[in-house]
Every structure is written in C-alpha cells, then in structure tokens.
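The structure appears right after this line, and notes come after that.
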Protein chains: 2
Amino acid sequence: MSARDRLVTVGTELLEEHGLAGISLRSIASAAGVSHGAPRRHFPTYDALLAAIARRALEELDERVAPALAADDLRAAAAAYLDFARRRPELFALIARHDLLEGAGGNLREITGRWFADLGAALARTTRRTPAPEEVLALWSGVHGLAALTSRRATEPTGIDPDRALVVLLDKHSTPAPRSRGAAKSW
Amino acid sequence: MSARDRLVTVGTELLEEHGLAGISLRSIASAAGVSHGAPRRHFPTYDALLAAIARRALEELDERVAPALAADDLRAAAAAYLDFARRRPELFALIARHDLLEGAGGNLREITGRWFADLGAALARTTRRTPAPEEVLALWSGVHGLAALTSRRATEPTGIDPDRALVVLLDKHSTPAPRSRGAAKSW
DNA sequence: CTCCTGCGTAGACACTGTCTACTTCCAGTC
DNA sequence: GACTGGAAGTAGACAGTGTCTACGCAGGAG
C-alpha cells in the first residue's frame, strides 16, 4: 500500500472518529507514521487530501448506487444513498462541502452527474414515459434532502422513520402525475 | 447599536463577501474596529459568534417563510426558502453547518421545528386531508434538497430552472396520492 | 473615597497549513 | 562498480488562528 493510499485510509478513519473539526493535516500525518511535511509530496494542499478522501468515499457509495440504477431499482439506489448518509455522517458531510473540495481536485461531479443521468433513464423505464428534467431534479432533490436531514439527525425529534419517508417520496415521484384537482389550484 | 450587534452585522457582511474559509474571528473584530480579544466579552467562542450570525440570518428568512405558511401559501414559502439559498449561499451554508452550530447556542431548531409543524398544518388545509408525518417530511426534504443543490450551483450544468423543479415538486406532494398502478409495484 | 463590575487592550500560548533547506534512498546510465 | 538525478521524507521556520490571562479604564453603588 502506497504512502498516498495510507494517508487517505488513515484520514478517513480519523475523520469518521473525530469529525472534520477534530482532525488536521498533522494529526493524519502522525497517525500514518510520517512527518507533517510528508503529505505535501502527494497532495499540494490539505484540501486536496480531503478531496481525495471524499473522492474515495463517493466511489464506495457509487459501487452500491450505480448497479441499482442500472437495474432500474430506484428504491435500492435511494436506500443505499440514505444509508450512507446515516451511517457515515462525517464522510457524507465532507462530500457535501463543495466550498472545500471545489478547485481541490476530486472531480466529484463526474460521479454525481452520471447518477443524475442514470436516474432519469431509470425513471423513464419504470414509469414508461419520458420524465421532464424538472421531474428528475425534483426526485433527486427529495432523496438528497432526506439524506442530508437524516445524516445530521434533524429528523429524530419528529420521530419519523426516514425509510418510510423515502417510500412515500419514491411513490409520489415514480408514478404518473395525477390530474390536477381541487386543492392543487389553491396556491 | 451595541458592540455585540455590530460584530454580528460586520461578520455577516464579511461572510457573504469572502466565505466562511476567508474570514476569522480576528478579521471580524478588526473590521468592527475592536481588538481581537473584544469579541470574547460577548461570545464565549468563535463558533458562538458564527451561531449568532446564523441565528440572525435564519430569523430574516423566517420573516418571509412563516407568514406564507400561516396563509397556506406553500408555493410562496418554498420560493422564499429557495430564493434565500440562491441569493445568500454563504449564509445558507452556514445555517446548514450543524457541526459548527450544535452546542454553540443559536437554537436554530426552534425555528425550523416550527416550520415543520406549520408545514404539516398548511399541507393538511390545502389537500383537505391529514397528511402522514412521512409525507410532510418527504415534502420538506424535497424543498430543502432543491435549495441545497441550487445554493451550491449543482443544478447549473443540467440547465434546469430550479423554480420549475419547485413547481413540479409542490405539485407532486400537495395533491392527493394517486392509486398505485402499473409501474409502482415494479420496485 | 472605595469598591466592583462591564468592556476593551495587549501579549502570550499552542496549534494550524505552508514553505524551504537538507538528507536518504534507489533505479538508470556510463 | 561508480555516478547521477529525481522522488520521498525530515526538521525547522513562518504567519496566521482561537483561546487564555493580566492589565487598564471608565462609571455607578455603597
């Protein structure tokens, strides 16, 4: 295992244990058994190391999401996403920290962009019609938003089971839109 | 204007201009015309100052969201939320940084919790039925997720207008659920 | 007048990420 | 085998960070 890989591995472990605010370039280097100057040979900047950690985490998630989307299994894909957010909140939060990762490599949009395209294709096949791009974005927003809220335990005070909310969400988006009636025009 | 208020005001301006990574306790103090030790008299910690900034921003947003919810105008409430995320991305990101704000005062859940309750009530009135808690969470997730994605310009490469996605989203959630048919049972 | 509390200053402290020599090691070439 | 060059790691310095402590200074209460 290369020193570069070990930095990413050790960094991931420390991040999950202590949170982003509880770690530093120096603590990762020290836990990896090298001096504080060593990471510079592999990453131009601390943010670049964090981007590499985020990139690897996203690839792990992709290994579960991509096959589900390819199999038109929206429920499994969304459940994998939600599960990752709940079980590895620090990594999920890091991936969402675009302010840190933008311009620091990582190239996360390559993966999430593909998800978006595959989601549209899967939605088209399950509903047997071509969804408008806005419909795909609306569904994606719901899954991502639910994962974000769940990840930071914002849903706990309500006592709602996120998995049940996910079922509701998928049901509303992956079936044909109902004809507008009654209440719809009230706003 | 008290020194405490000025720190929050100046901090908000600096945050919106330079981003969270581009400011510091010392830069805020200096811009407010006091020494770097002065903020300590009003905030026990830098995170507490950031929490006060987040709190004030959330109160401003609440001034637009709460009346819309009270008037059962889901569209206006969601549009205000989306607008805030798009126009003040640094503030929106700070509010979402629960890792920073948790335990540093601010008490943001008091506001967002009320939103959630009011959203459920408004949804009940517009749909003329009692929504399951999971349905309220699903709608809330969609609005929040869309705002989060829009705020960090993640939707731009798709060319989709977030406002149109919001309309789709509200339409799917604020009308009675359709009877399951066809594709729905395929997953 | 004497406290004393609220607010601000100035300096120190440990820690951070980055930068700059200086060493070490090892594959490739003559 | 000796030499060289580049990659990788070390150690120290540097400016900047948040926090802590000692001190100053006003102004009201007793």
Side-chain angles (χ1 to χ4, degrees), chain A residues 1-56 90-91 93-94 97-106, chain B residues 1-56 90-91 93-94 97-106:
Chain A
M1 191 184 215
S2 77
R4 194 196 130 104
D5 284 345
R6 190 163 63 246
L7 283 171
V8 174
T9 301
V10 169
T12 301
E13 292 167 0
L14 285 184
L15 174 63
E16 295 201 67
E17 186 174 2
H18 300 105
L20 185 57
I23 65 175
S24 62
L25 185 159
R26 289 163 112 108
S27 68
I28 295 175
S30 151
V34 294
S35 72
H36 69 274
R40 189 125 230 276
R41 300 288 156 193
H42 308 281
F43 306 97
T45 221
Y46 180 42
D47 286 358
L49 169 55
L50 293 177
I53 293 174
R55 168 77 191 194
R56 181 186 286 180
E90 299 294 345
L91 277 175
L94 174 65
R97 286 290 300 278
H98 284 61
D99 57 318
L100 274 186
L101 310 179
E102 204 97 346
Chain B
M1 190 182 216
S2 77
R4 193 195 130 105
D5 284 345
R6 191 164 60 247
L7 283 171
V8 175
T9 301
V10 168
T12 301
E13 293 167 358
L14 286 184
L15 174 62
E16 294 202 67
E17 187 173 2
H18 300 106
L20 185 57
I23 66 175
S24 64
L25 185 158
R26 290 165 112 107
S27 69
I28 295 175
S30 152
V34 294
S35 72
H36 69 273
R40 188 126 228 275
R41 298 289 156 192
H42 308 281
F43 306 97
T45 221
Y46 180 42
D47 287 358
L49 169 54
L50 293 177
I53 293 173
R55 169 78 191 192
R56 181 186 286 180
E90 299 294 345
L91 277 175
L94 175 64
R97 285 289 301 279
H98 284 61
D99 57 319
L100 275 186
L101 309 179
E102 205 96 346

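Order of the sequence lines fixes the chain letters, A, B, ..., with proteins taken first and strands second; residue numbering starts at 1 for each chain.
Positionally, the nearest nucleotide of DNA chain C for B:H36 lies more toward the 5' end than for the other of B:H36 and A:L25. Between B:I23 and A:A3, the one whose closest nucleotide on DNA chain D sits nearer the 5' end is A:A3.
Phosphate proximity of D:dT19 to B:T45: present, with a side-chain N or O under 4.0 Å from OP1 or OP2. Look at A:H42 and you'll find a side-chain N or O under 4.0 angstrom from OP1 or OP2 of D:dG9. Contact between the side-chain N/O atoms of A:S35 and the OP1/OP2 oxygens of D:dA11 is not found at any separation under 4.0 Å.
Atom CZ in A:F43 sits about 13 Å away from atom P in C:dT18, given to the nearest Å. Taking atom CZ of residue A:R4 and atom P of nucleotide D:dG9, one finds them 13 Å apart after rounding to whole Å. As rounded to whole Å, 14 Å separates atom P of C:dT16 from atom CG of A:L49. Rounded to whole angstrom, the span from the CZ atom of A:R41 across to the C1' atom of C:dG17 amounts to 15 Å. We find that CG of B:L7 is positioned 12 Å from P of C:dC7, with the value rounded to whole Å. The CZ-C1' distance, from B:R26 to D:dC20, rounds to 12 Å in whole Å.
The shortest distance between side-chain heavy atoms of A:L50 and A:R97 does not fall below 4.5 Å.
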